[in-house]
Trainee: 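Structure below; questions to follow.
Keep in mind that what you see is a predicted model, and the values were worked out from it rather than measured. Both backbone and side-chain heavy atoms feed into the values below; hydrogens, waters and symmetry mates do not. Numbering of ligands and ligand atoms starts at 1, following listing order.
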Amino acid sequence: MARTALITGASRGIGLELAKLLAADGSNLVLVARSAQALEALAEELRGAHGVEVRVETADLADPAAPGELAAALGELEIDVLINNAGFGSTGPFWELPVEGEVGQVQVNVTALTALTRLFLPGMVARKRGRVLNIASTAGFQPGPYMSTYYATKAYVLSFSEGLAHELKGTGVTVTAHCPGATATGFGAVAGNDKNKLFTKMTPASASEVAAHAYAAMNAGKTVSIHGLMNWFGARTVPFTPRAVVLYLTSVLNRP
Ligand SMILES: NC(=O)c1ccc[n+]([C@@H]2O[C@H](COP(=O)([O-])OP(=O)(O)OC[C@H]3O[C@@H](n4cnc5c(N)ncnc54)[C@H](OP(=O)(O)O)[C@@H]3O)[C@@H](O)[C@H]2O)c1
């Protein structure tokens, strides 16, 4: 029987590429984001190319009511794969950034992800099968001056996913936190860091290669997966590096 996957942030970037991979594998899809037109265009393309069922649910996940409304709209539809991918960042001295964006990041990157996982997990556990893929970031491994809120949200995603994966052992349901490094998507323009060293001194990965890596990690049931050798090295050496050095290096990468 075909799986049904719900993907947040499917209108562009990594989420769009994940939608393509799942559709190519015969999964039916629920595509979620704010951009209705982009979602409808993608849905049309995937139905035509792969003959799968694709449903579009327009939602602003910065609205605290959105996860509950989404679950209610889907009713009895069984979600076998939940991909919490929607997310955004902001760059600058925290006290100068608009409060809506800072709180919105916590809402989208953390609260909506938590709510959707809580809403769709019971069905997966009852059916003894399911996959949750949370798109975290290499940002989740350390604090990030000038992107302090964003880094903190991704630390939550990482910690939450690891804890939950342990709870779910033996249930047939897995949780994967996938951690991309800099990736060429709309993220940099939204976060305002596409001209910073993080993006200019490093070659960003493509959204399609990151999505393929995340998809393979999810299907393998890995708990934490880091895209790219340099990203892996950077993330995994954080605990052995003096905190002041970590903070200095991250601030250099992020400074506007
Ligand atoms: N690109 C990177 O360098 C990078 C690195 C590490 C991790 N990540 C993570 O990867 C994930 C995907 O980002 P991306 O790089 O593909 O960026 P992107 O191209 O900007 O895509 C972000 C997606 O999230 C959706 N989204 C944003 N705010 C939303 C809201 N309030 N409600 C519903 N959907 C919302 C956007 O759709 P609408 O605008 O249509 O709502 C879009 O589909 C994010 O969690 C990001 O933190 C990115």
Side-chain angles (χ1 to χ4, degrees), residues 6-20 30-43 56-67 69-70 83-91 100-113 115-116 133-142 144 147 149-158 160-161 176-200 202-211 213-215 225-228 230-231 234-235 253-254:
L6 187 157
I7 307 173
T8 68
S11 60
R12 60 175 188 269
I14 298 166
L16 181 146
E17 296 297 335
L18 281 164
K20 286 183 181 173
V30 180
L31 306 179
V32 180
R34 291 165 301 181
S35 310
Q37 267 191 336
L39 292 180
E40 290 294 354
L42 178 63
V56 166
E57 291 291 336
T58 310
D60 182 353
L61 295 173
D63 176 355
E69 288 171 2
L70 181 58
I83 301 185
N84 287 305
N85 162 77
F88 71 101
S90 60
T91 307
E100 301 77 25
E102 300 311 287
V103 174
Q105 266 170 80
V106 177
Q107 193 66 43
V108 176
N109 302 3
V110 171
T111 310
L113 174 145
L116 290 171
L133 171 61
N134 291 329
I135 303 299
S137 170
T138 50
F141 292 89
Q142 70 277 294
M147 293 189 83
T149 304
Y150 180 72
Y151 275 59
T153 65
K154 294 302 181 177
Y156 174 91
V157 176
L158 198 53
F160 172 66
S161 303
T176 300
H178 185 260
C179 305
T183 307
T185 65
F187 178 89
V190 173
N193 69 343
D194 49 350
K195 304 283 184 292
N196 296 356
K197 288 195 174 62
L198 180 65
F199 277 88
T200 56
M202 300 180 179
T203 309
S206 71
S208 57
E209 64 180 291
V210 168
H213 190 257
Y215 187 50
S225 141
I226 302 170
H227 179 253
M230 285 305 288
N231 291 329
L253 287 177
N254 292 337

Trainee: Could you work out, for atom 26 (N) of ligand 1, the closest of A10, A86, A139 by heavy-atom distance?
Mentor: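 The residue whose heavy atom sits nearest atom 26 (N) of ligand 1 is A86.
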
Trainee: Under a 3.5 Å threshold, yes or no: a donor from one side chain and an acceptor from the other, between N134 and S161?
Mentor: yes

Trainee: Considering non-hydrogen atoms only, spot the tightest contact between T91 and N193 and give its length.
Mentor: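 Closest heavy-atom pair between T91 and N193: OG1-CB, 3.3 Å.
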
Trainee: Which word best sums up how the rings of H213 and H227 line up, parallel for under 30°, tilted for 30 to 60°, or perpendicular for over 60°?
Mentor: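 Perpendicular: the ring planes of H213 and H227 meet at over 60°.
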
Trainee: Is it the case that ligand 1 has an N or O less than 3.5 angstrom from some N or O of G186?
Mentor: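 It does: an N or O of G186 is found under 3.5 Å from an N or O of ligand 1.
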
Trainee: Using a 4.0 Å cutoff against the non-hydrogen atoms of V108, which atoms of ligand 1 qualify?
Mentor: 31 (N)

Trainee: Pull out every atom of ligand 1 sitting under 4.0 Å from any heavy atom of A59, numbered as shown with elements.
Mentor: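 Every atom of ligand 1 under 4.0 Å from some heavy atom of A59: 32 (N), 33 (C).
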
Trainee: Of the backbone atoms (N, CA, C, O) and the side-chain heavy atoms from C-beta on, which set of A112 has a member under 4.0 Å from an atom of ligand 1: side chain, backbone, both, or neither?
Mentor: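 It is neither; nothing of A112 touches ligand 1.
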
Trainee: Once rounded to the nearest 0.5 Å, what's the spacing between atom CZ of F88 and atom OH of Y150?
Mentor: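 Taking CZ in F88 and OH in Y150, the distance rounds to 10.5 Å.
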
Trainee: Enumerate the atoms of ligand 1 whose separation from the nearest heavy atom of I135 is less than 4.0 angstrom.
Mentor: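 Within the 4.0 Å cut-off of I135, ligand 1 contributes 9 (C), 10 (O), 11 (C), 45 (O).
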
Trainee: For a side-chain contact (heavy atoms from CB on, under 4.5 Å) with V30, tell me which candidate from I7, L6, I83, V56 qualifies.
Mentor: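 Going through the options one by one, the only one that passes is L6.
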
Trainee: Can you list the atoms of ligand 1 that are under 4.0 Å from a heavy atom of A62?
Mentor: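 Reading through ligand 1 atom by atom, the close ones are 31 (N).
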
Trainee: Which atoms of ligand 1 have any heavy atom of P180 under 4.0 Å away?
Mentor: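 Answer for ligand 1: 5 (C), 6 (C), 7 (C).
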
Trainee: Run the numbers for me: atoms of ligand 1, each under 4.0 Å from some heavy atom of S35, listed by number.
Mentor: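 It comes down to these atoms of ligand 1: 38 (P), 39 (O), 40 (O).
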
Trainee: With no hydrogens and no angle check, just 3.5 Å: does a side-chain donor-acceptor pair link S206 and S208?
Mentor: yes

Trainee: Quick one: are L133 and Y215 in side-chain contact, heavy atoms under 4.5 Å?
Mentor: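 They are not in contact (no side-chain heavy atoms under 4.5 Å apart), so the answer is no.
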
Trainee: Any atoms of ligand 1 less than 4.0 Å from a non-hydrogen atom of N85? List them with their elements.
Mentor: 11 (C), 12 (C), 44 (C), 45 (O)

Trainee: Please find the pair of heavy atoms, one from A33 and one from L39, that lie closest to each other, and give the distance.
Mentor: N-CD1, 3.4 Å

Trainee: Could you check whether any side-chain heavy atom of V210 comes within less than 4.5 Å of a side-chain heavy atom of H178, counting everything from C-beta outward?
Mentor: yes

Trainee: List the closest protein heavy-atom neighbour of atom 28 (N) of ligand 1: residue, atom name, distance to the nearest 0.1 Å.
Mentor: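 In this structure, atom 28 (N) of ligand 1 has R34 NH2, 3.3 Å as its nearest protein heavy atom.
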
Trainee: Short list, please: which atoms of ligand 1 are under 4.0 Å from a heavy atom of D60?
Mentor: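 That gives atoms 30 (C), 31 (N), 32 (N) of ligand 1.
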
Trainee: For ligand 1, find out whether one of its N or O atoms is nearer than 3.5 Å to an N or O atom of I14.
Mentor: yes

Trainee: Counting non-hydrogen protein atoms only, what is the nearest one to atom 17 (O) of ligand 1? Give residue, atom name and distance.
Mentor: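 Nearest neighbour among protein heavy atoms for atom 17 (O) of ligand 1, to 0.1 Å: T185 OG1, 3.4 Å.
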
Trainee: Just to be sure I'm reading this right: ignoring hydrogens, which of A189, A36, G9, S137 gets closest to atom 25 (C) of ligand 1? Compare them by their nearest heavy atoms.
Mentor: G9

Trainee: Touching ligand 1 at all, K154? Heavy atoms, strictly under 4.0 Å?
Mentor: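 A heavy atom of K154 does come that close to ligand 1.
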
Trainee: Is any N or O atom of V190, backbone or side chain, closer than 3.5 Å to an N or O atom of ligand 1?
Mentor: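 Not met; the criterion fails.
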
Trainee: Which protein non-hydrogen atom lies closest to atom 43 (O) of ligand 1, naming both residue and atom, and how far is it?
Mentor: S11 OG, 2.8 Å

Trainee: Nearest non-hydrogen contact with atom 4 (C) of ligand 1 belongs to which option: A191, G181, A182, A214?
Mentor: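 Looking at heavy atoms only, the winner is G181.
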
Trainee: Answer yes or no for A136: is there a heavy-atom contact with ligand 1 below 4.0 Å?
Mentor: yes

